[in-house]
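The next block holds one structure in the form of structure tokens; read it before the comments.
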Protein chains: 2
Amino acid sequence: MTFQPTLNRPIAGTPGIPMYLVGAAQDARSIYHDGSEIYGEGEPAGSLYMVEFGCVRIGRFTREGRRQVCGFSYAGDIFGWESESEHRFFAEAVGYSGIRVLRPSRDAEACAKLFPLVIQNLTRFQEHLLVLGKTIVDERLAAFLCDLADRQGGVSQVELPMTRSDIADYLGVSFETVSRILRRFRDQGFVHVPDIHSIEILDRPGLEAVCRR
Amino acid sequence: MTFQPTLNRPIAGTPGIPMYLVGAAQDARSIYHDGSEIYGEGEPAGSLYMVEFGCVRIGRFTREGRRQVCGFSYAGDIFGWESESEHRFFAEAVGYSGIRVLRPSRDAEACAKLFPLVIQNLTRFQEHLLVLGKTIVDERLAAFLCDLADRQGGVSQVELPMTRSDIADYLGVSFETVSRILRRFRDQGFVHVPDIHSIEILDRPGLEAVCRR
DNA sequence: GAGTGGACTTGATCGAGGTCAAGGTGGGGC
DNA sequence: GCCCCACCTTGACCTCGATCAAGTCCACTC
């Protein structure tokens, strides 16, 4: 069964709401500041959310207080899919972000429209699984950077809205290690780091050689 | 948006095909022996597959020949979702397995029926992500065993159709480590290992205490 | 029965990366 | 301007788990 995702996803600017969701009942756009919660673990689920601008991290806290980030959503992405009646993850804004709440109807027509989006989401999680399966942490970070570049349209100048800690919790490593490997990538000429929240990829083939191992 | 999965998934026996897929065009059940390929990476995608009995591993090989398993499907599970026109993963039988090929129509009605199944799949991947995010490997294996027990109906006697290597590639560790931790769990009284392909969980709360960290 | 091959276990070694600790940097508030 | 705090970097140390290497245990064949 093949589904072609149809939604374009610019990283910057305000993407339009996909045409097939325009008819859905929707709340106004909400603005969230860095770190503020969009929904929390255990809260009732029921809506979908679309990032208009900014970035969102989705994750969970373990009993011991360790945070695990299972995904980032960027402008154009839709998140909030749940199979239970309450959220099993939290969603928080990363930086200043605009989120639109969608309440698509639950009829067959709407499901068909949403189908490619869920499949795309599924694919993304599968890819992330493969990244986390890698034992060498360099490979994980390289894969993260390549993915980020791709999702921002294949540009070499990549925005990093999240902190080193966010990246660390996403890749299952310590934030010190993220910092060290980034440093190594710089020394190896793979990337240039003009400031803390942006990365210029100088040697994409080199990075891919690292993550394709 | 909330979707309740409706499919029951017994681990043993031959589950019926969900009623809403009965109308779909379908091939006869195929029998696969241990290790044989159901589909390969790069092959054209287009069907869904349902495990009738046995087990299936889904994964990918890295360029360096390292295998990464991103999921196991058991009796009742449906796999084969792809967003591209060709498979990005391989699927292989784990032990003697029966697989039914489904070719559900692609109309809105079918999408609506399949929706809860994809969401359930999505949820499973998210949970697996959290497991792989754990730095201590004991926690990963404990989580794997608890999940396995749950998917087999919450019984304490768990079937392990896959090899230690399969588990290792699923958890992102070496197979020696799987063996060693299993040994440790035995010594700690968490499990009893009557034979290589089954595990009896003696102390479920204990195991959960390990994986909930 | 003996021989064979694949999966598993166990031991020994070593390095990647976690943890702890000590600066460095930069933005916001006063 | 100054302080403060959050985030980041870098260093030192040590543990966990990968890797290499035997050795064991079956299931299967002849």
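Every chain is numbered from 1, with letters handed out A, B, ... down the list of sequences.
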Centre-to-centre under 6.0 Å for A:Phe125 and B:His128, is that the case here?
no
Measure CG/B:Asp187 against P/C:dT9 and give the value in whole Å, please.
12 Å
Without decimals, in angstroms, what is the distance between B:Arg183 CZ and C:dT10 P?
5 Å
For the pair made of CD1 in A:Ile181 and C1' in D:dT10, what is the distance, rounded to whole Å?
14 Å
Whole-Å distance, B:Ile196 CD1 to D:dA27 P, equals 9 Å
Between B:Phe175 (CZ) and C:dG11 (C1'), how many Å, whole number?
14 Å
In terms of side-chain geometry, is the basic nitrogen of A:Glu159 or A:Arg151 positioned less than 4.0 Å from the acidic oxygen of its partner?
no
If you only use heavy atoms from C-beta on, which nucleotide in D:dC20, C:dG17, C:dA21 is closest to the side chain of A:Val137?
C:dG17
What nucleotide, of C:dG17, D:dT10, D:dC8, holds the atom closest to the side chain of A:Ile136?
C:dG17
For A:His87 and A:Glu43, test the side chains for any donor-to-acceptor distance below 3.5 angstrom and give the result as yes or no.
no
Under 4.0 Å between any heavy atoms, over every strand shown, what does A:Asp138 touch: base, sugar-phosphate, or nothing? Just pick one.
sugar-phosphate
A:Ser174 side chain N/O closer than 4.0 Å to the phosphate oxygens (OP1, OP2) of C:dT19?
no
For a quick test of reading the model: is some side-chain N or O of A:Ser179 closer than 4.0 Å to OP1 or OP2 of D:dC8?
no
For B:Asp34 and for B:Arg180, locate the closest nucleotide of DNA chain C by heavy-atom distance; then report the residue assigned to the nucleotide nearer the 5' terminus.
B:Asp34
Look only at the side chain of B:Arg164 and the backbone of B:Ile196, and say whether a donor-acceptor pair between them is shorter than 3.5 Å.
yes
Within the structure, does a side-chain N or O atom of A:Arg164 lie under 4.0 Å from either OP1 or OP2 of D:dT9?
yes
Rounded to whole Å, please give me the gap between NE2 in B:His197 and P in D:dC25.
17 Å
Quick one: the side chain of A:Glu176 and the base of C:dC20, do they pair up donor-acceptor inside 3.5 Å?
yes
Taking the nucleotide of DNA chain D with the closest heavy atom to each, which residue, A:Thr135 or A:Arg186, is nearer the 5' end?
A:Arg186
Separation of D:dT9 C1' from A:Ile167 CD1 (nearest whole Å):
14 Å
With no hydrogens and no angle check, is any side-chain donor or acceptor of B:Gln68 less than 3.5 Å from a backbone partner on A:Leu130?
yes
Once you round it to whole Å, what is the distance between P of D:dA18 and CG of B:Asp169?
11 Å
